[in-house]
Amino acid sequence: MKKYDHKRIEKKWQERWEDKGINRPNKMKGAQNTFYNLWMFPYPSAKGLHAGHAFASTGSDVIGRFKRMNGKDVFQPIGYDSFGIHGENYAIKAGKHPMELIKATTKTYERQLKSLGHGYDWTRTVTTSDADYYRWTQWLFIKLFKAGLAYRKEADVNWCPSCKTVLADEQVMTPSQAEKEPKNSKGEKVKDTGDLQVCERCGTIAERKKLNQWFFRITEYADKLLEGLEKIDWPEKIKLAQRNWIGRSEGAIINFPIVGASESVDVFTTRPDTLYGATFFVISPEHPVVEKVLNSEIKVDKEKITELNKYIKTVKSRTSQKQVRSSHVEKSVRDDESEIKSLSDSSKAKTGVFTGLYVINPVNEEKIPVYISDYVLMDYGTGAIMGVPAHDQRDYDFANKYDLPIRKVIDFDIETHSVVLKSSVKKGFIKDVEKKGWSWKKYKDWGYYVVVGQGESGEYIKLVQDKLKNGPWYVHTDGEAKKVIFKSKIFDFKENAKAKKYAESLGIPKEQIDWDDKDKYMFCHDNPGTIINSDEWNGIKVPQNIDKVVKSIETKGWGSGKTSYHLRDWLISRQRYWGPPIPMIYCEKCAGLGKSWFTENSKYENRSTKQIRNSKLEIRNSDDWSSAGWWPVPEEELPVELPFLKDFKPKGGGRGPLADSKEFLSVKCPSCGSKAEREPDVSDTFLDSAWYFLAYPLQRDKIWKKVPSETSGQDAFSNKIIEFWLPVDLYFGGAEHAVLHLMYSRFVTKVLNDLGLIDFDEPFPKFFAHGLMIKDGAKMSKSRGNVVNPDEYIEKYGADTLRLYTMFMGPMDGYPDFRDTGIEGMSRFIDRVWKLYQDGKGKMILEKHSVDILLTKLHQTIKKCTSDIQGYKYNTAIAAIMELVNLMREIIEKSQKQVRVSSTKAKARAGRQITKSVQDDKAYLKNLPALSNDTWNEALEKLTLILAPFAPHFSEEVWCEVLKKDFSVHKAKWPAYDEEIAEEEKVTIAVQINGKLRILLGVKRSVASDKKKVLELVKEEEKITDLLNNKEIEREIFIPEKIVNFVVK
RNA sequence: GCCGAGGUGGCGGAACUGGCAGACGCGCAGGAUUUAGGAUCCUGUGUCUAUUGCAGACGUGGAGGUUCGAGUCCUCUCCUCGGCACCA
């Protein structure tokens, strides 16, 4: 017998498949019963595919093959997300040009993906750095621009004052990570305070610098993105991550006039009901009012200006987490290479400076002081807050530090609430509280927070005293009438000193006596309650009735209701080389005249109704930026090709490397024809990947290469082919893209839908988030040096073995650990199955007993495999196949020895107890007449089919060469199963006494639901009668087909 | 700090709506075959007790609870991992 030769066989079929095009859909146009099976395309790194990719992509491939065998016309494309910072950085390191590098790396990827035997349609790959591709990325940019969804705004970037260059976030790190001594901008050494962020190359403290950059107004779509989540079938945790990222919160904007100035400041608050409790005001250091103060537009004392300047300077030098987030850098880059440690800490002491200004609280005309502090962020809400220390922890901390008044305006709805020091009460305390029907929850990490009903506080104090160990405890009646309580003594909180002395005399540990610190939390709460101290609002229950408050605010003209989002607009500009140039032109002359595309295309709105079908999108530009001088590159001229720059490294000046190419920059103004300049920045890689799923089905020659025009999107995106294939039926990808990529793709899809270009508004109605393969307990990464290269395993064991092994290791959404010994086991399995076909084919004559067992097992296996694959539980599907194989091997072996086969279930139990009935049945089955080998051949055939998605080469070889069936197994029909055959004839009933298993009883299915008969059978068992002897049976529990439980005294 | 996921043999992991815990595989041990090694095959393998024979007790991070019966449900508690993080 020949050994299974994976090298020869895998190569042979891979060639044949490609030859015959079995991995291509039957039809692109007019396709029916389609299944668009998409796996997140990889960034083609120079190191090539690693085993983690193999794990994920195989998971996707299995489903594709399964669907094809189930009659779907499957389209399974693949491509490369080749632009971006990964590639550029690597090219810099390797001293090569990214254009050269990408050619080699995509080649490697293609070879590797093919060697894994994945069923991709290789005729429709995309590479995002191809001009044919990014022509349309640019076209998309222009579409968004014309729809008023792109604009320019000043935004922070990391800036190295020494290198005079923009730094990507992963180039900014702590001095120890950079292995550099920190320096200031003058080159002087400074002390590492632990929160410094420096330039990777020179160790100079990084600054934040404002640059004008392009943004997409994704925030306009916040609500749509939120609503869309309701109708898509995604893992809850991913949806949740998106919801959190969007971070919608409802509240109000309230206007506070500045004392002695004509200006006023808006604040956003989710708690307008606490407006009367505002005792101070804080604005972000970057707030426009601060600037006006500094340049004396608003007058304050001179010393104040110096103080403010000093504070702003210290704040600036702190590069904090929020900036990492706002710059939208690819997460994977951060995770992989830099592992930036979190610097910000919500508990860190608040700092701030009084500005000398006051504002008027509109509700009570109170003059309240204005501070600046970095705990107020400029890019959320309005960059200003009202400080309500009684009901916001952060405001409370700030008020405490600067000794600001605290005014309570929300009353608890209950009479008594208290906090008990956990360590000072005995165990049963909480249980007793529950018994009384009082509610409670954990309070911070040191206490229980208990709420007691009206008039019950006396009873409560008694309970506490009873359960008190030794330490003190305090009760707060609504935060005011406070008491410190001991086992046998009660002090009023005003007698604090006395109480402490008493505690000391009891020998209570010091840290427990120090209750002032803990007590302070009770002055600040955000619990539901009733408004007090607020004139006409008094008595309103909040938060249920906040809308009443908002209405009142609106009628009084103090402000208005408003919804805010955490989601920020999408920063598109990258001051880099390796990306699609942003297709915009800036004309100074036009700018001087105030002209832009918008001013010259005011009739665009009218034109668009003709040109854009069903457009739901309002075409306009908002007035929050000046578009003067900006023109999109005429569509006919796309792509704006990325020139080959020898030196593509980031340069100074705050612009991308393209700014250094005069040739690239210089262009004629599309409007007036005078000398103009191209935008030198490139777009974010996430834009490339936000539409690639639309690109795959497009016809290369007819559409791809077509020169766009203003309306050509109709031909490209409204194409029939897209209608047939999209949206994607199953999107398979990593959970790490939960927010960015998946959010941006949804956004772009919704925009295209609003433009009437496509007829769906969610690109991925179904998304499966696979896990990550790890090695030696850690994520695979270059820096850890634990990357598993699939090539060597394919070489040694074959692709099918690797596929089976990675799928078998654990559930698809888990984090399986790759082990060499494990894959050897799988290799042995393949060899055994191979041997099974060689030994068994056409030679097996089975007696009826074996036929029954085999048939049952076969149908059970098909059933389990079918449902497990549908649920992405490949590991258990493969386990089931292994059980079937084991049974078939046993049949071969036993038939040679002429020994009866037992069903695997009975066999599994054999070591324990085989009951009389099972043995009787076996005797009965003995010596039944021998039958033909049909069942055996059927089993071999179906085994091949269910193995096919996991081991495509092996199954094809067996299917065509051993079983002599028609090419190809992957086009064959997935086997059906018969529910009746899958049911075993005998059921094993567990017999328990007082819940403890005593025996297992084999019973015919026909009687297994009959309580009387089963109990009769059970009572025939000697062991049971022995155990029940002399015992009084209280109850007999009977669960049909499952359990008998005798409850005895 | 907030949100989410999860703790099951030596290991990866099974266990449907509460009903035989440990499927399947790895590893390990013993045996067969072999000059030897490897490969292959057979047997065993949660822990402890018993092992001449049947067997028995305990076991899903820990503590309590509900139930005839809990890995699964409830409460607390400890730990691990992931996401977000001064979002007003």
Side-chain angles (χ1 to χ4, degrees), chain A residues 236-238 240-241 243-245 247 249 251 267-271 274 282 320-322 325 331 342 344-348 350 373-377 379-388 392-395 397-398 427 430-431 434 442 444-445 564-568 735-736 738-739 772 805 808-811 813-826 828-829 831-832 835 867 873 875-883 886 889 893 904-905 908-909 911-913 988-997 999-1000 1023 1034-1039 1041-1048:
Chain A
E236 263 324 301
K237 62 170 185 177
I238 307 281
L240 192 71
R243 280 193 198 104
N244 289 343
W245 190 264
S249 53
V267 295
F268 172 73
T269 175
T270 53
R271 295 297 303 272
T274 63
V282 191
S320 73
Q321 189 77 14
K322 69 172 186 193
R325 173 182 166 175
K331 266 190 155 117
S342 170
S344 78
D345 175 1
S346 52
S347 66
K348 104 183 159 195
K350 307 242 174 320
S373 172
D374 65 343
Y375 90 89
V376 175
L377 307 174
D379 51 2
Y380 182 74
T382 61
I385 61 150
M386 57 183 202
V388 185
D392 183 285
Q393 190 60 54
R394 293 156 303 178
D395 295 348
D397 293 344
F398 193 79
K427 254 194 173 169
I430 283 301
K431 207 175 275 170
E434 279 179 352
K442 265 208 290 193
K444 306 286 161 180
D445 55 346
S564 272
Y565 303 89
H566 297 179
L567 185 70
R568 310 290 145 90
E736 67 273 17
V739 261
L772 221 62
Y805 175 60
F808 181 65
M809 278 192 300
D813 53 0
Y815 292 78
D817 204 337
F818 191 94
R819 264 155 225 253
D820 285 10
T821 51
I823 196 164
E824 273 164 27
M826 193 51 80
R828 286 200 288 271
F829 172 72
D831 287 340
R832 284 197 293 260
K835 196 162 173 292
S867 66
K873 288 158 74 179
N875 55 334
T876 48
I878 293 167
I881 295 174
M882 286 174 166
E883 284 185 44
N886 289 346
R889 276 158 34 83
E893 189 203 333
T904 35
K905 216 160 197 180
R909 304 292 160 204
R912 299 182 159 204
Q913 299 190 345
T988 313
I989 289 191
V991 182
Q992 303 178 334
I993 294 174
N994 283 345
K996 278 194 179 141
L997 179 70
I999 58 163
L1000 293 162
K1023 187 171 166 193
E1034 278 187 347
R1035 276 176 77 181
E1036 284 169 349
I1037 311 274
F1038 175 73
I1039 307 292
E1041 302 193 1
K1042 280 190 177 145
I1043 261 179
V1044 173
N1045 188 11
F1046 295 102
V1047 186
V1048 298

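Any value given below was found using the heavy atoms of this structure, including those in side chains, with hydrogens, waters and symmetry copies removed. Sequence lines set the chain letters: A, B, ... in the order given, protein chains first and strands last, and positions in each chain run from 1.
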Subject >> First encountered from the 5' end of RNA chain B, between A:Ile1037 and A:Arg271 >> reply: A:Ile1037

**OP:** Give the minimum heavy-atom separation between A:Asp813 and A:Tyr815, together with the two atoms involved.
**Re:** O-CE1, 4.0 Å

Subject >> Partner set under ring pair (Phe, Tyr, Trp, His ring centres under 6.0 Å) for A:Phe398, not counting sequence neighbours >> reply: A:Phe280, A:Tyr371, A:Tyr375, A:Tyr402

Sub-3.5 Å pairs of nitrogen or oxygen atoms, protein against nucleotides 58-60 of chain B:
{"from": "B:rC58", "atom 1": "OP2", "to": "A:Lys996", "atom 2": "NZ", "distance (Å)": "3.4"}

Subject >> Partners passing salt bridge (Lys or Arg N to Asp or Glu O under 4.0 Å) against A:Glu1036 (at least two apart in sequence or in another chain) >> reply: A:Lys1019

Grab the N/O contacts between the protein and nucleotides 3-9 of chain B below 3.5 Å, and write none if there aren't any.
none

Original post:
Taking only residues two or more places apart in sequence, or in another chain, which ones meet A:Asp392 in a salt bridge (Lys or Arg N to Asp or Glu O under 4.0 Å)?
Top reply: A:Arg394

Original post:
Under the ring pair (Phe, Tyr, Trp, His ring centres under 6.0 Å) test, which residues partner A:Tyr380, sequence neighbours left out?
Top reply: A:His566

Subject >> Contact under 4.0 Å: A:Asn875 side-chain N or O vs B:rA14 OP1/OP2 >> reply: yes

**OP:** Examine B:rU17: is either OP1 or OP2 under 4.0 Å from a nitrogen or oxygen in the side chain of A:Lys1042? Give yes or no.
**Re:** no

Subject >> Side-chain N,O (A:Ser564) to OP1/OP2 (B:rA88) below 4.0 Å >> reply: no

Subject >> side chain to side chain donor-acceptor pair (under 3.5 Å) partners of A:Thr876, counting only residues at least two apart >> reply: A:Asp868

**OP:** Kindly say if A:Arg828 contacts the phosphate of B:rG25, meaning a side-chain N or O under 4.0 Å from OP1 or OP2.
**Re:** no

Subject >> Which residues share a side chain to side chain donor-acceptor pair (under 3.5 Å) with A:Asn875, sequence neighbours left out >> reply: none

Subject >> B:rC86 base / A:Lys350 side chain donor-acceptor hit below 3.5 Å >> reply: yes

Original post:
Got a sec, which residues hit ring pair (Phe, Tyr, Trp, His ring centres under 6.0 Å) with A:Phe829, two or more places apart in sequence or on another chain?
Top reply: none

Original post:
Relative to the 5' end of RNA chain B, which residue comes earlier, A:Ile878 or A:Arg832, by the nucleotide with the nearest heavy atom?
Top reply: A:Ile878

Original post:
What residues, two or more places apart in sequence or in another chain, satisfy side-chain contact (heavy atoms from CB on, under 4.5 Å) together with A:Ala241?
Top reply: A:Ala738

Original post:
What would the secondary structure line of RNA chain B be in dot-bracket form, counting Watson-Crick and G-U wobble pairs under 3.5 Å, with [ ] for pairs that cross earlier ones and | for pairs with another strand?
Top reply: (((((((..(((......[....)))((((((.......))))))((((.....))))..(((((..]....))))))))))))....

Original post:
Does B:rG25 have OP1 or OP2 sitting under 4.0 Å from an N or O in the side chain of A:Asn886?
Top reply: yes

Original post:
Is A:Gly825 touching bases, backbone alone, or none of the nucleic acid, heavy atoms closer than 4.0 Å?
Top reply: sugar-phosphate

Original post:
Excluding sequence neighbours, so at least two apart, what forms side-chain contact (heavy atoms from CB on, under 4.5 Å) with A:Ala384?
Top reply: A:Val265, A:Val267, A:Phe281, A:Ile283, A:His287, A:Thr382

